[in-house]
Amino acid sequence: MTDPRFDLPSSVLSRREFLLKTLKGGLIAGGAGPLLSPLLSQMLPPAPKFEFLRSGGSAAWASDGWEDLLRLAPTARYWISSDTDGGICRSCHAADDRSAPTPHPHKERIIKCLLCAQGCLIKEGDRGRCRARIHIKGELRSLVYGRPVSVHIDPIEKKPLYHFLPGSQAFSISTAGCPLSCKFCQNWELSQARPEDFDVPYTPPREISASAERNNVPVIAFTYNEPTVFVEYFTDIARDARRLGLRSVLISCGFMMEDPLAEMCDALDAIKIDLKGFSRDFYRNVCGAELEPVLRSIRQVAKSGTHLEIVNLVVPTLNDSDAMLNDLADWVVNEAGPDVPVHFTRFHPDFQMRNLPPTPVATLERAREIAIGKGIRYAFVGNVPDHPGNNTFCPKCGKAVIERKGFFILKNHMTGGVCGYCGEPLAGVWS
């Protein structure tokens, strides 16, 4: 490899090792220096120039190193302003709010973000819950466009995507920010961070896709944090990647609104959604979100024809009851379809939920058995290396057609998308 930008060094720290080393140095808290993935450590082309928009409090922002970040922040998509011509009040107000039957003046300009289901109402100078989008002078701006803070090459099985180009590598990128606040998040260093916590150079979309091509990586994955917050960036990358013959996948919590998701389905080749628990209380108390928008997203992706896989992180005592697992399996079969792969993944204590033990393997096995009993054809045990539940079994003859060890393929008995033993077609994207 001769081009220094985004080329892999001979040895690369894992994403978690790198972040933890940096955190121990105090950089994320104090902003004392750059927090870069090894792949981002090389100099990149200079950033394009945008007009710097000033607003109340900008002097303080500039003193904190904000000026370049704000100056380069492009206008986001998917929002409406209280002073938008022809604006519909119901776009911002709840259906039962009788205070806004007709357009009316506002004392201060308010933006409603229409990207995710939080529906944040944002005053000038403030940000939404994701921390990645800011209201500046009547515009919503993205603070994370062109600002990847972690870039690594992973096995596609790590996402996990088991029925999408198995055995492939994925050029994986993330920014900062997430609309959820899951107490068990294992990527909290990224998801719960602010963009200004990371001193990273601007990286245009084409540089990401070109780097993946240079490294002979066939898939680009948007992952680690919640990629919805950088939708403008990743859809631009995905479209350019398609021009190069590369595929793009999204690893998501599924909490976006319908219009952004429609754009994502059009630009992407596969989407993995975390169905964190089949309980409204679990979503509200543990994730700071709601269940219904996630179910809506799963239905929408399933209907779109974009390859879909679902992950359920099984957390002891919180979302592992037989009733909840039965309801989840019933819903998936009836609303998404029996051919959607479902991964029941082992919880490991992290972030704000270190008081619980790892999920017993027997619980994951029970969840998988329930799913298969309900008609789900491809159910997996996740985060348990060497477990036979990592393998793909033919739904007709029952033989293991793809055998896995951890994130790696040991044997593949598929030919042209069909079982090598009995000729049964298997759902997925195989080439």
Side-chain angles (χ1 to χ4, degrees), residues 1-10 12-13 15 18-19 22 33-51 65 68-77 132-133 141-154 156 159 168-177 190 193 195-251 263-264 266-270:
M1 300 179 183
T2 57
D3 192 317
R5 295 170 299 173
F6 287 98
D7 284 339
L8 280 169
S10 57
V12 180
L13 288 174
R15 175 174 50 85
F18 179 81
L19 286 167
T22 309
L35 180 56
L36 300 177
S37 135
L39 293 177
L40 281 171
S41 61
Q42 305 294 336
M43 293 300 294
L44 294 166
K49 302 299 182 182
F50 292 85
E51 179 186 3
D68 281 346
L69 191 61
L70 292 177
R71 178 173 56 85
L72 299 174
T75 303
R77 296 199 291 271
R133 300 160 86 78
R141 297 236 162 179
S142 170
L143 295 172
V144 291
Y145 189 99
R147 303 285 178 177
V149 298
S150 185
V151 181
H152 290 266
I153 295 177
D154 297 324
I156 195 74
K159 302 301 136 189
S168 297
Q169 291 185 313
F171 193 93
S172 303
I173 77 165
S174 75
T175 67
L190 299 173
E196 64 269 28
D197 291 332
F198 304 90
D199 181 12
V200 294
Y202 175 84
T203 305
R206 183 156 293 185
E207 183 59 36
I208 297 293
S209 54
S211 297
E213 184 184 40
R214 281 198 306 271
N215 284 286
N216 297 312
V217 180
V219 179
I220 300 177
F222 311 109
T223 182
Y224 305 148
N225 71 321
E226 173 46 52
T228 294
V229 305
F230 63 100
V231 60
E232 298 88 358
Y233 187 44
F234 84 65
T235 52
D236 284 351
I237 294 169
R239 292 185 181 102
D240 190 64
R242 189 167 284 173
R243 175 186 64 84
L244 298 174
L246 307 179
R247 317 282 184 94
S248 297
V249 302
L250 174 69
I251 310 306
E263 180 183 7
M264 297 177 198
D266 181 65
L268 297 164
D269 299 285

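Taking all atoms of both residues into account, the shortest heavy-atom contact from L246 to S209 is CD1-O, 3.6 Å. Nearest heavy atom pair, residue A73 against residue S142, reads CB-O, 3.2 Å. Smallest separation of non-hydrogen atoms from M264 and L250: SD-CD2, 3.8 Å. Taking all atoms of both residues into account, the shortest heavy-atom contact from A176 to V229 is O-CG2, 3.6 Å.
The side-chain heavy atoms of K159 and D154, taken from C-beta on, include a pair separated by under 4.5 Å. A heavy-atom distance below 4.5 Å is found between the side chains of R242 and D269. Side-chain contact between V151 and P148 is present, with heavy atoms from C-beta onward closer than 4.5 Å. For the pair L143/L69, a side-chain contact is recorded, criterion being any heavy-atom separation below 4.5 Å from C-beta on.
The structure places CZ of R141 at 4.0 Å from OG1 of T75, a figure rounded to the nearest 0.5 Å. Atom CG of L190 sits about 9.5 Å away from atom OG1 of T223, to the nearest 0.5 Å.
Using modelled atom types, no side-chain atom of R247 and backbone atom of V219 make a donor-acceptor pair closer than 3.5 Å. Between the side chain of S172 and the main chain of A170, a donor-acceptor pair closer than 3.5 Å is present. Under a 3.5 Å cut-off, the side chain of R147 and the backbone N or O of V200 do form a donor-acceptor pair. Side chain of N225 to backbone of S174: no donor-acceptor contact under 3.5 angstrom is found.
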Open item on the list: Run Y233 and I173 through side-chain contact (heavy atoms from CB on, under 4.5 Å) and show every step you take.
Closed with: CA-CA 11 Å; Y233 187 44; I173 77 165; 4.1 Å; yes
Task: Worked verdict on I237 versus I220 for side-chain contact (heavy atoms from CB on, under 4.5 Å) - done: CA-CA 9 Å; I237 294 169; I220 300 177; 4.0 Å; yes
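With sequence neighbours excluded, the residues satisfying salt bridge (Lys or Arg N to Asp or Glu O under 4.0 Å) with D240 are R206, R243. With sequence neighbours left out, E213 forms a salt bridge (Lys or Arg N to Asp or Glu O under 4.0 Å) with no residue at all. Residues forming a ring-ring contact (aromatic ring centres under 6.0 Å, His included) with F234 (at least two apart in sequence, or on another chain): F222, F230.
A salt bridge links E207 with R214: the closest approach of a Lys/Arg side-chain nitrogen to an acidic carboxylate oxygen falls below 4.0 angstrom. With salt bridges taken as basic N to acidic carboxylate O contacts below 4.0 Å, one links R133 and E232.
For the residue pair Y202/D68, the side-chain donor-acceptor check at 3.5 Å is not satisfied.
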